[in-house]
Amino acid sequence: MKLCMIGTGYVGLVSGVCFADLGNEVICVDNNIKKVNLLKKGKIPIYEPGLSELVVKNFKNKRLHFSSDLKKSVKESDIIFICVGTPTKKGGSSADLSQIYNVSKEISSSINKFKIVITKSTVPVTTGDEIEKILSKKNSKKKFSVVSNPEFLREGEAIRDFIYPDRVVIGTNDKKAGRILKNLYSPLISKGTSYLQTSRRAAELIKYASNAFLATKITFINEIANLCEKTDINVEDISIGMGLDKRIGGRFLRAGPAYGGSCFPKDTKAIISTADKFKTNLSVIKSVIKSNANRSKILLDRVYQILNKKIRKKKISFLGVTFKANTDDMRDSSSLKMIPWLSKKGAIINYFDPTGYKKEFSKLKNVSHKSTINSAIEGSDLVIIHTEWNDFKSINFKNLVKGKKFIIFDMRNIYSSTKIKDQGFKYFSVGK
Ligand code: UGA
């Protein structure tokens with residue numbers, strides 16, 4: 001089976017490379033010729049641990065190809081994965097499906113034999129129905145099958161998540177397509193991955209419901225953390241105590257800054273928008289969005305209290321500014337709310353991130369990028385640990401500080417408070 005991935009963004013590139021590594025022949029297509037040429041040279045446009053090595057390996061052994069010719073690539077392939085972006089519509093909250101439909105039109109005029117056309121992008125319920133309508137205009141229904149196969153990859157863990165997923169979800173009622181796709185995923189299923197075949201609409205909704213539920217878990221524990229701070233309780237004890245109940249599970253119960261990234265904020269809004277369309281009130285998810293939007297304000301208020309209500313001229317260092325560790329992605333990172341607010345209040349901010357300089361802060365007053373942890377925290381009044389990179393997990397603060405001692409606000413609860421306090425620092429964390 002020859003596969004074609006349309007869109008070499010995060011989903012398309014990672015899935016394409018991993019499918020090639022499992023022995024399939026894969027063409028990754030993108031309309032950005034510059035990007036395609038860079039990929040052919042082994043240059044990867046995104047930061048993802050392990051991805052570059054896999055691209056180079058599979059490109060060399062000729063299982064992985066890159067092209068900007070969509071029509072030719074579709075003609076040569078049996079299974080087409082649509083992996084283009086579905087960002088939030090400008091000025092709205094629903095998903096912008098223009099790229100999905102443009103690509104579908106192009107596929108439509110390139111169907112020369114039976115094709116399985118799959119949405120791997122996160123798409124609202126009924127998008128598959130719309131794609132089917134587009135393809136039907138020029139093709140008989142026997143010539144194609146439209147399937148939903150959502151991806152559940154996390155940035156920074158994508159390769160592992162692809163090879164060892166908790167589940168593979170295939171949304172189709174077409175027996176032939178179901179059989180072919182089960183065979184495609186058989187290397188993962190044989191290692192114990194659960195395989196679930198549902199209706200196409202159900203598969204589309206499983207993806208949104210999963211992301212919304214994970215966002216709910218995080219928001220829930222963040223609110224419990226607020227209560228813990230007032231009642232002298234350690235939120236980590238609560239996460240463990242709750243997580244031991246198998247019905248709840250311990251993952252995604254780490255309190256911290258607002259959740260961010262390219263998925264949870266976008267998908268929680270989009271599922272509300274879909275529900276509105278079908279006159280259904282998803283009040284829990286609406287509250288989650290509201291609570292998360294307020295999260296940065298709560299943490300900034302703590303910063304204000306920690307600094308005795310004096311922010312002007314205070315030197316504040318940020319360790320990590322991306323939305324989480326192991327990614328260079330700044331989309332909806334809580335630092336995008338916190339740093340501008342602190343800068344406006346007159347703070348002097350240095351930041352260090354393992355993925356380097358961020359253009360997002362270039363126009364802010366008194367905000368500087370530093371290329372080492374040491375230079376970022378030198379002379380600080382307050383060090384904020386904003387992301388949980390391994391680089392920040394074993395810092396010997398005592399050895400780094402020459403003069404005055406700074407305060408540490410550990411927003412990811414990386415350190416043990418007693419150890420840091422023993423080194424003579426004032427230490428604050430979340431939910432404790
Ligand atoms: C998320 C989902 O986890 C993936 O399953 C999904 O495929 C992906 O969205 C997507 O839709 O493409 P991702 O956005 O890469 O993956 O990041 P996560 O690891 O889920 O983290 C999201 C946010 O939640 C981050 O800001 C992170 O710091 C925060 N988080 C996560 C917490 O604050 N606490 C936790 O316990 C877990």
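Each ligand, and each atom within it, is numbered from 1 in the order the structure gives. FYI, the numbering just counts along the sequence from 1. Reckoned from all heavy atoms, side chains included, excluding hydrogens, waters and symmetry mates. What you see is a predicted model, and the numbers here were worked out from it, not measured in a lab.
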| Is the Lys NZ or Arg CZ of Arg331 less than 6.0 Å from the centre of Phe323's six-membered ring, within 45° of the axis? | no
| query | Among protein heavy atoms, which lies nearest atom 8 (C) of ligand 1, and at what distance? | reply | Leu153 O, 3.2 Å
| Ring centers of His369, Phe361 separated by less than 6.0 Å | no
| When you look at Glu223 and Ser291, which way does the side chain to side chain contact (heavy atoms under 4.5 Å, CB included) test go after all the steps? | CA-CA 8 Å; Glu223 289 199 352; Ser291 173; 2.6 Å; yes
| So, is Thr122 polar-close to ligand 1, with some N/O to N/O distance under 3.5 Å? | no
| Option nearest atom 2 (C) of ligand 1 (shortest heavy-atom distance, choices Phe152, Phe323, Phe264) | Phe264
| note | Note: His386, heavy atoms under 4.0 Å from ligand 1, region reported as neither
| remark: among protein heavy atoms, the one nearest atom 3 (O) of ligand 1 is Arg154 CG, 3.3 Å
| So is Arg251 close enough to ligand 1, meaning a heavy atom under 4.0 angstrom away? | no
| Quick one: are the ring centres of Phe409 and Phe318 less than 6.0 Å apart? | no
| said: Would Ser262 count as a polar contact of ligand 1, with the cut-off being nitrogen or oxygen pairs under 3.5 Å? | reply: no
| Does the N or O separation between Arg254 and ligand 1 drop below 3.5 Å for any pair? | yes
| query | Any N or O of Lys207 that comes nearer than 3.5 Å to an N or O of ligand 1? | reply | yes
| field | Heavy-atom gap Gly261 to ligand 1 smaller than 4.0 Å | value | no
| request: Answer yes if the side chains of Lys286 and Asn281 hold a donor-acceptor pair under 3.5 Å, and no otherwise. | output: yes
| said: Looking only at the side chains, is there a donor atom on one of Ser98 and Asp96 sitting less than 3.5 Å from an acceptor on the other? | reply: yes
| Counting only heavy atoms not in Lys40, do more than 12 sit closer than 6.0 Å to its NZ atom? | yes
| Does any N or O atom in Ala258 lie less than 3.5 angstrom from one in ligand 1, N or O only? | no
| message | Determine whether the aromatic ring centres of residues Phe81 and Phe19 are separated by less than 6.0 angstrom. | response | yes
| Counting each atom of ligand 1 from 1 as listed, which ones have a heavy atom of Lys324 under 4.0 Å away? | 13 (P), 15 (O), 17 (O), 18 (P), 19 (O), 21 (O), 28 (O)
| request: Taking all non-hydrogen atoms of both residues into account, name the closest pair between Ser317 and Ile377 and its distance. | output: OG-CA, 3.5 Å
| field | Proximal ligand 1 atoms for Arg412, defined as those under 4.0 Å from one of its heavy atoms | value | 28 (O)
| query | Looking only at heavy atoms of Gly256, does any of them come nearer than 4.0 Å to an atom of ligand 1? | reply | no
| In the protein, which heavy atom is nearest to atom 26 (O) of ligand 1, and how far is it? | Gly260 N, 3.0 Å
| field | Nearest heavy atoms of Val235 and Lys432, plus distance in Å | value | N-CG, 4.4 Å
| Going by the order shown, which atoms of ligand 1 are within less than 4.0 Å of some heavy atom of Glu155? | 15 (O)
| field | Distance-only side-chain donor-acceptor flag, Thr355 / Lys358, under 3.5 Å | value | yes
| note | At under 4.0 Å between heavy atoms, what of Ile218 touches ligand 1? The answer is side chain
| query | Of the backbone atoms (N, CA, C, O) and the side-chain heavy atoms from C-beta on, which set of Asp161 has a member under 4.0 Å from an atom of ligand 1: side chain, backbone, both, or neither? | reply | neither
| message | Can you give me the closest heavy-atom contact between Met411 and Pro257, atom names plus distance? | response | O-CD, 3.4 Å
| message | Is there a polar contact between ligand 1 and Glu388, counting only N or O atoms under 3.5 Å apart? | response | no
| message | Which residue and atom name correspond to the protein heavy atom nearest atom 10 (C) of ligand 1, and how close is it? | response | Cys263 SG, 2.8 Å
| Parallel, tilted or perpendicular: which describes the rings of Tyr415 and Phe397, with under 30° parallel and over 60° perpendicular? | perpendicular
| Proximal atoms of ligand 1 relative to Tyr259 (non-hydrogen, under 4.0 Å) | 23 (C), 24 (O), 26 (O)
